[in-house]
Amino acid sequence: MFGRSKDSTSPAEQATPGLVEETPGLIETGKGRPTPKRRTAEAANRRPLVPQDRKAAAKDARAAQRAERDKQYAAMQTGDERYMPAKDKGPVRRYIRQYVDARWSLGELFLPVAIVMLLLNLLLTSVSPELAFLGLVVLYLFIIGMVVDVIIMWRKLRKKLTAKFGDAGQQRGLMMYAVTRVFQIRRARLPKPQVKHGDYPE
């Protein structure tokens, strides 16, 4: 009479099973968990920072550098500025090359003259020290004349660059670019001369 019935349950106890059964479903369908497709895409997009075969990668890099050097050398032989080094590109530096190559300069004769005079000096030292000393004097006079010739060349060239290119003709490094080319033997100049002696650019 006063005992509790076995089938009688409180409202809280009746609601508990439903909550327990629904909770796993909520965890499984949570939005924070990536789907398998997303995992697959992320794995496919991952790339190693360091190549697996370093020797093969280094070999390919050397081959690419060698091909680039060959392309630049061929361009300097033909005058194709598309593949020349950056230091030789542009209308200003092309004008400098053409002007230097068109002009007869003492600088382009310096190397052969210096070699001949030094050999003569070695031969004459044991025969006639006076003649050997005279040979050195001639060599020094040639060097002084060569320096004067370069100064005259650069002054004329600088005026032409300013008149033709304006501020672009006053860039730093142009004088050294011209002087370095003057002291090179004509056949050994790179980029290769594209004009003859006396054929000055306009």
Checklist entry - Closest approach of Ala178 and Val100, non-hydrogen atoms and distance? => result O-CG2, 4.1 Å

Item to check | Check: Gln98 side chain, Tyr95 main-chain N or O, donor-acceptor pair, under 3.5 Å | outcome: no

Checklist entry - Are the side chains of Pro193 and Arg187 in touch, meaning some heavy atoms are under 4.5 Å apart? => result no

Checklist entry - Met146, Val138: one ILVMFWY side-chain cluster at the under-4.5 Å cut-off? => result yes

Next on the checklist: Taking salt bridge (charged side-chain N to carboxylate O under 4.0 Å, His left out) as the cut-off, I'd like each qualifying pair that reaches into residues 176-186, sequence neighbours left out, listed once.
Outcome noted: Asp101-Arg181

Checklist entry - When clusters are formed by joining ILVMFWY residues with side-chain heavy atoms under 4.5 Å apart, either directly or through shared neighbours, do Leu119 and Leu109 land in the same one? => result no

Item to check | Heavy-atom side-chain proximity of Phe142 to Met117 below 4.5 angstrom | outcome: no

Checklist outcome for this item: For Val92 and Ala168, the nearest pair of non-hydrogen atoms, with its separation, is CG2-O, 3.9 Å

Checklist outcome for this item: Taking every heavy atom of Glu81 against every heavy atom of Gly90, the minimum-distance pair comes out as OE1-N, 3.3 Å

Checklist entry - Are any of the side-chain heavy atoms of Val150 and Ser105 separated by less than 4.5 Å? => result no

Next on the checklist: If the test is side-chain contact (heavy atoms from CB on, under 4.5 Å), which one of Ile185, Val179, Thr180 qualifies with Phe183?
Outcome noted: Val179

Next on the checklist: Quick check against the 3.5 Å criterion: does Gln194 have a side-chain atom that pairs as donor or acceptor with the backbone of Lys192?
Outcome noted: yes

Checklist entry - Which atoms form the tightest heavy-atom contact between Ala75 and Met84, and what is the distance? => result O-CE, 3.7 Å

Item to check | Reported NZ-to-CG distance for the pair Lys159 and Leu161, which is rounded to 0.5 angstrom | outcome: 12.5 Å

Next on the checklist: Using the side chain to side chain contact (heavy atoms under 4.5 Å, CB included) criterion, which residues pair with Arg93? Sequence neighbours excluded.
Outcome noted: Arg97, Leu174, Tyr177

Next on the checklist: Between Ser128 (side chain only) and Leu124 (backbone N and O only), is there a donor and an acceptor less than 3.5 Å apart?
Outcome noted: no

Checklist entry - Which atom pair, heavy atoms only, marks the closest approach of Glu108 to Arg103? => result OE2-O, 3.5 Å

Checklist entry - Taking the side chain from Asp199 and the backbone from Ala102, do they hold a donor-acceptor pair closer than 3.5 Å? => result no

Item to check | Which residues share a side-chain hydrogen bond (donor to acceptor under 3.5 Å, both in side chains) with Gln171, sequence neighbours left out | outcome: none

Checklist outcome for this item: So NZ of Lys156 and OH of Tyr200: to nearest 0.5 Å the spacing works out to 7.5 Å

Next on the checklist: Is there a path of hydrophobic side-chain contacts, each under 4.5 Å between heavy atoms of I/L/V/M/F/W/Y residues, joining Leu118 to Leu134?
Outcome noted: no

Item to check | Spacing of Leu106 atom CG and Ile143 atom CD1 [to the nearest 0.5 Å] | outcome: 11.5 Å

Checklist entry - Can Val113 be reached from Leu136 by stepping across I, L, V, M, F, W or Y side chains whose heavy atoms are under 4.5 Å apart? => result yes

Next on the checklist: Do Leu157 and Met153 have side chains that approach each other closer than 4.5 Å (heavy atoms only, starting at C-beta)?
Outcome noted: yes

Checklist entry - For Lys59, does the NZ atom sit with more than 12 other heavy atoms under 6.0 Å from it, leaving out its own atoms? => result no

Checklist outcome for this item: So CG of Leu120 and CD1 of Ile115: to nearest 0.5 Å the spacing works out to 12.0 Å

Checklist entry - Which distance, rounded to the nearest 0.5 Å, do you find between the CG of Asp60 and the NZ of Lys55? => result 14.0 Å

Checklist outcome for this item: Looking only at heavy atoms, the pair that brings Leu190 and Gln184 closest together is N-OE1, 4.3 Å

Checklist entry - Are Val182 and Met175 in one and the same hydrophobic cluster, where Ile, Leu, Val, Met, Phe, Trp and Tyr link if side-chain heavy atoms are under 4.5 Å apart? => result yes

Item to check | From CG (Leu139) to CZ (Phe110), nearest 0.5 Å | outcome: 6.5 Å

